[in-house]
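Take a look at the structure below.
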Amino acid sequence: MITLSEVRSAAAVIAPHVVRTPLLPFGPGWIKPENLQPVGAFKLRGALNALARLENRAGGVVAYSSGNHAQAVAFAARLHGVPAAIVMPDNTPAVKVEATKALGAEVFIVGITERVERAEALVAERDAALIPPFDHPDVIAGQGTIGLEVLEDLPDVDAVVVPMSGGGLISGVATAVKSLRPDVRVVGAEPALAADIAESLTTGELVRWDPFRRAQTAADALRDEPSALTWSHIAKYVDDVVTVSEEEIFAAMTALVREARLVTEPSGAVAVAAQARLGTGVAVVSGGNVDPALLVRLLA
């Protein structure tokens, strides 16, 4: 389990390189637009913190990702002058693959169940350091800096709504929020088509869904499953879960463009869709790296 002090330390490390995103009024509450980060997603926070703390970078870094963590690690690696090799599943939107390459990373495309194995092979071949997308305390601590900022900007917040998948974001945010304000509700948001954490919280133990089942959701950044590390944080800190349909996700994306002038990807709109159900709270807009063709269809 990470600690509040680790989150605060991460905030100091990443401050020169991330946008301190504002809280914006939206719908029944507020949104925190992490889609405004340099790589278009919150993932930059965790990647920067983890890479900055590596003792040996000589062999470069390796990551596996459905897209946003890939770009974050590529950005952080370029900042520190080290090579990055990124393994991405073959159902990753092209816009995320191309953005990762544009940041200077070497990209390997594999089947959706082969990412971890290929990444581990690259680590062994190159004597590189692995920066996983969520199963690492430094990554979790970096993501938790969002929680610190929410409490600083809105001290009387009643709920924070956070998208869930691998669980790194909600683990970090929940640690920060519950350590400082145990009375604030932390609510997880999941696509109904990838609601394995919701089922896990209902049963009281970690439930595993087939990756091809989770891949049905358009929220491509929310197709992972939690690790033992992130599940321990979720089980301790998360108060509730709201699952949303694909239609609700697309409606939230459309509303964010038309009413807040913010472009989001499906995963980035999941917490906003859940917030609409709750009628309160701060929703974390986790990313904005949307397939242009999808955005055109929604706004037509």
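Residue numbers start at 1 and run along the sequence shown. Remember, predicted model here, so these are calculated numbers, not experimental data. All heavy atoms count here, side chains included; hydrogens, waters and symmetry mates do not.
- The shortest side-chain heavy-atom distance between T243 and P191 does not fall under the 4.5 Å cut-off.
- At least one side-chain heavy atom of T217 sits under 4.5 Å from a side-chain heavy atom of E246.
- Looking at N35, its side chain does come within 3.5 Å of a backbone N or O of V263 through a donor-acceptor pair.
- Under 4.0 Å is where a charged nitrogen must lie from a carboxylate oxygen, and between R45 and E34 at least one such pair does.
- In this structure, E106 CD and I86 CD1 are separated by 9.5 Å, a value rounded to the nearest 0.5 Å.
- Looking at D156 and R181, no side-chain N of the basic residue comes within less than 4.0 Å of a carboxylate O on the acidic one, giving no salt bridge.
- With salt bridges taken as basic N to acidic carboxylate O contacts below 4.0 Å, one links E248 and R277.
- Contact check on E6 versus R53 returns no salt bridge, with no Lys/Arg side-chain nitrogen under 4.0 Å from an Asp/Glu carboxylate oxygen.
- Side-chain contact between V61 and L130: absent, with no pair of heavy atoms (C-beta onward) separated by less than 4.5 Å.
- Note that the CG atom of L262 and the CD1 atom of I31 stand 5.0 Å from one another [nearest 0.5 Å].
- Between the side chain of Q275 and the backbone N or O of G281, at least one donor-acceptor pair lies under 3.5 Å.
- Classification of R185 and D158 as a salt-bridged pair fails, no side-chain N sitting under 4.0 Å from a carboxylate O.
- Counting heavy atoms from C-beta outward, P211 and T113 have side chains that approach closer than 4.5 Å.
- With contacts defined as side-chain heavy-atom distances shorter than 4.5 Å, the pair M253/P266 qualifies.
- Between the H80 side chain and the V82 main chain, no donor and acceptor come within less than 3.5 Å of each other.
- Look at E199 and R208 and you find no salt bridge, because none of the NZ, NE, NH1 or NH2 atoms lies under 4.0 Å from a carboxylate O.
- For R118 and Y64, the positive end is not near the middle of the six-membered ring at less than 6.0 Å and at most 45° from its axis.
- At distances below 3.5 Å, at least one donor-acceptor pair connects side-chain atoms of E190 with backbone N or O atoms of A198.
- The closest donor-acceptor contact from the side chain of E98 to the backbone of P93 lies at 3.5 Å or more, if one exists at all.
- With I109 as the fixed residue, the side chain to side chain contact (heavy atoms under 4.5 Å, CB included) test singles out one of D90, T92, N91: D90.
- Of the possible donor and acceptor atoms, one in the side chain of S65 sits under 3.5 Å from a partner among the backbone N and O of A70.
- When atom types are taken as modelled, the side chain of H69 and the backbone of I131 share a donor-acceptor pair closer than 3.5 angstrom.
- Put simply, the side chain of D239 gets close to the backbone of V186: a donor and an acceptor are under 3.5 Å apart.
- Note that NE2 of H17 and CG of N49 are 11.0 Å apart. Values are rounded to the nearest 0.5 Å.
- Under the 3.5 Å distance criterion, the side-chain polar atoms of R214 are matched with a main-chain donor or acceptor of R223.
- With hydrogens and angles disregarded, a donor-acceptor distance shorter than 3.5 Å links the side chain of K43 to the backbone of P133.
- The shortest distance between side-chain heavy atoms of V95 and P292 falls below 4.5 Å.
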